[in-house]
Amino acid sequence: MPRSTVARIDLQALRNNYLKACERAGSAKAMAVVKADGYGHGIARVASALNDLAPKYAVACIEEAWAIRDAGLTQPVVLLQGVHAAEDIAECSGKTFEPVLHGESQLEWLLKGGHRPVFWLKVNTGMNRLGFRPEELPGVMENLEKTGALSQLQGFVTHFACADDAGSAMTAEQTSVFINATSPWPTLLKSVANSAAHFIAGQPLFDWSRPGIMLYGGSPIVGKTGPELGLEPVMTLEAPLITTRVVRAGESVGYGSVWTARQDTLMGMVAVGYGDGYPRHAGTDTPAAIDGRRIRLIGRVSMDMLAVDLSNAPGVSVGDTVELWGRTVGVDEVASCAGTISYELLTGLTSRVPRIVQPSARQKPGAR
Ligand SMILES: *Cc1c(COP(=O)(O)O)cnc(C)c1O
């Protein structure tokens with residue numbers, strides 16, 4: 001029998017979160033961002049679960065778009081990083097993939113080849129990773145017009161650097177740079193919003209928003225958890241308790257002996273570790289839960305197991321299920337204890353952990 005370390009996936013929660021994104025997007029439509037294997041939840045699984053709701057998907061690269069087609073889904077798929085080779089342009093036009101072209105070499109591939117997929121242009125408004133600078137846009141647009149490619153241009157995309165920080169002026173600055181840069185072409189579409197931008201009061205989301213982490217219940221906002229933003233956790237990471245023992249006062253637990261018992265302490269070992277994607281940097285006092293009660297990690301996380309303090313849950317026994325993150329302990333809380341963000345924990349869950357779709361009875365009004 002396999003060990004019962006699993007990630008339970010609640011697809012109804014995913015659908016509710018998507019509807020929440022739509023509600024927040026107002027008149028903008030929401031392309032469901034399902035890159036990085038659906039933020040670790042399984043790209044085919046999450047894309048299929050949103051099939052009747054999402055008019056478009058977005059991924060990072062073409063192999064992720066193929067995964068969506070392999071799942072039998074027909075919506076257009078936006079390639080947020082464009083394409084990585086000239087021959088992918090032809091593939092895009094045949095498969096209704098919409099690359100976001102971000103630089104000169106990608107434009108050359110488009111203009112040289114015989115295929116003209118629908119595409120987007122990335123505008124660099126201050127993130128300075130990818131995209132054309134505002135002052136380069138007129139030249140690019142002229143070139144597209146001359147070569148007859150303009151008719152396939154869907155619109156403009158930009159990405160925010162600091163939308164997770166409500167106090168930052170950067171998002172408003174980038175928005176105004178974007179509005180100015182694209183104003184000569186008012187009929188083309190605009191897309192700016194990651195999840196965080198859905199939660200910024202007064203932020204224009206234009207024609208298409210691009211929610212990612214919020215679909216999975218993770219918080220895009222520093223200092224807030226997903227549930228505090230009205231989001232439902234989609235993944236519950238569970239693992240069995242495989243032993244319990246009393247660690248005597250003065251004894252230590254695990255590698256490096258970094259935790260020592262001050263008094264006799266009921267301790268349990270849980271069959272999950274960094275080999276499963278549980279963060280090794282989550283140290284003593286990181287929360288977990290058993291039987292609905294919150295407990296804490298002690299000592300160092302190993303590859304295949306970790307130790308918990310069971311003082312708070314004396315009645316438990318071997319075989320009982322420990323929640324590492326989910327409804328009782330938020331993934332955002334664990335991430336913050338590990339000095340990272342929920343994105344990294346969710347996408348970092350390894351293939352050793354089976355993803356199991358949770359049958360769900362809960363149905364919200366408005367969810368089809
Ligand atoms: C990943 C990504 C998103 C989604 O970001 P979240 O913070 O997960 O909502 C949106 N736009 C681009 C360009 C991305 O790369």
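Whatever order the structure lists them in is the order used to number ligands and atoms, beginning at 1. Every value quoted in this text rests on a predicted model; they were computed, and no experiment measured them.
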task = For atom 3 (C) of ligand 1, grab the closest protein heavy atom and report residue, atom and distance to one decimal in Å.
result =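 The closest one turns out to be Lys35 NZ, 3.8 Å.
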key: Nearest-contact summary for atom 12 (C) of ligand 1 - protein heavy atom, Å   =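 In this structure, atom 12 (C) of ligand 1 has His159 CE1, 3.3 Å as its nearest protein heavy atom.
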request  = Apply the test side-chain contact (heavy atoms from CB on, under 4.5 Å) to residues Met31 and Ser209: give CA-CA distance (whole Å), side-chain angles for both, the deciding distance (0.1 Å), then the verdict.
outcome  = CA-CA 6 Å; Met31 56 178 92; Ser209 74; over 6 Å; no
Please say whether [X] places an N or O atom under 3.5 Å from an N or O atom belonging to ligand 1.
X      : result
Lys122 : no
Arg210 : yes
Ala196 : no
Tyr39  : yes

inquiry  = Looking at Trp208, I'd like to know if the NZ or CZ of Lys190 sits under 6.0 Å from its six-membered ring centre while staying within 45 degrees of the ring's axis.
reply    =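 Geometry flag: not set, cation outside 6.0 Å or 45°.
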query = Quick one: OG1 on Thr243 to CE on Met305, what's the gap to the nearest 0.5 Å?
reply =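 Spacing of OG1 (Thr243) from CE (Met305) equals 10.0 Å.
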ask   = Does a side chain donor of either Glu87 or Trp109 reach within less than 3.5 Å of an acceptor in the other side chain?
value =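 No.
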Distance filter under 4.0 Å to [X] heavy atoms, resulting ligand 1 atoms:
X      : result
Ile213 : 6 (P), 8 (O), 9 (O)
Tyr343 : 6 (P), 7 (O), 8 (O)
Ser195 : 6 (P), 9 (O)

inquiry  = Does only the side chain of Leu80 get under 4.0 Å from ligand 1, or the backbone, or both, or neither? Count heavy atoms.
reply    =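 Contact part for Leu80 vs ligand 1: side chain (C-beta onward).
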key: Intermediate values then yes/no, side-chain contact (heavy atoms from CB on, under 4.5 Å), Ile295 and Ile290   = CA-CA 7 Å; Ile295 53 177; Ile290 190 164; 4.0 Å; yes
salt_bridge(Glu232, Lys20) N-O dist < 4.0 Å =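 So Glu232 does not pair with Lys20 through a salt bridge.
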inquiry  = Using the rule side chain to side chain donor-acceptor pair (under 3.5 Å), only one of Thr284, Asn312, Thr286, Asp285 pairs with Arg296; which is it?
reply    =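 Single side chain to side chain donor-acceptor pair (under 3.5 Å) partner of Arg296 among Thr284, Asn312, Thr286, Asp285: Asp285.
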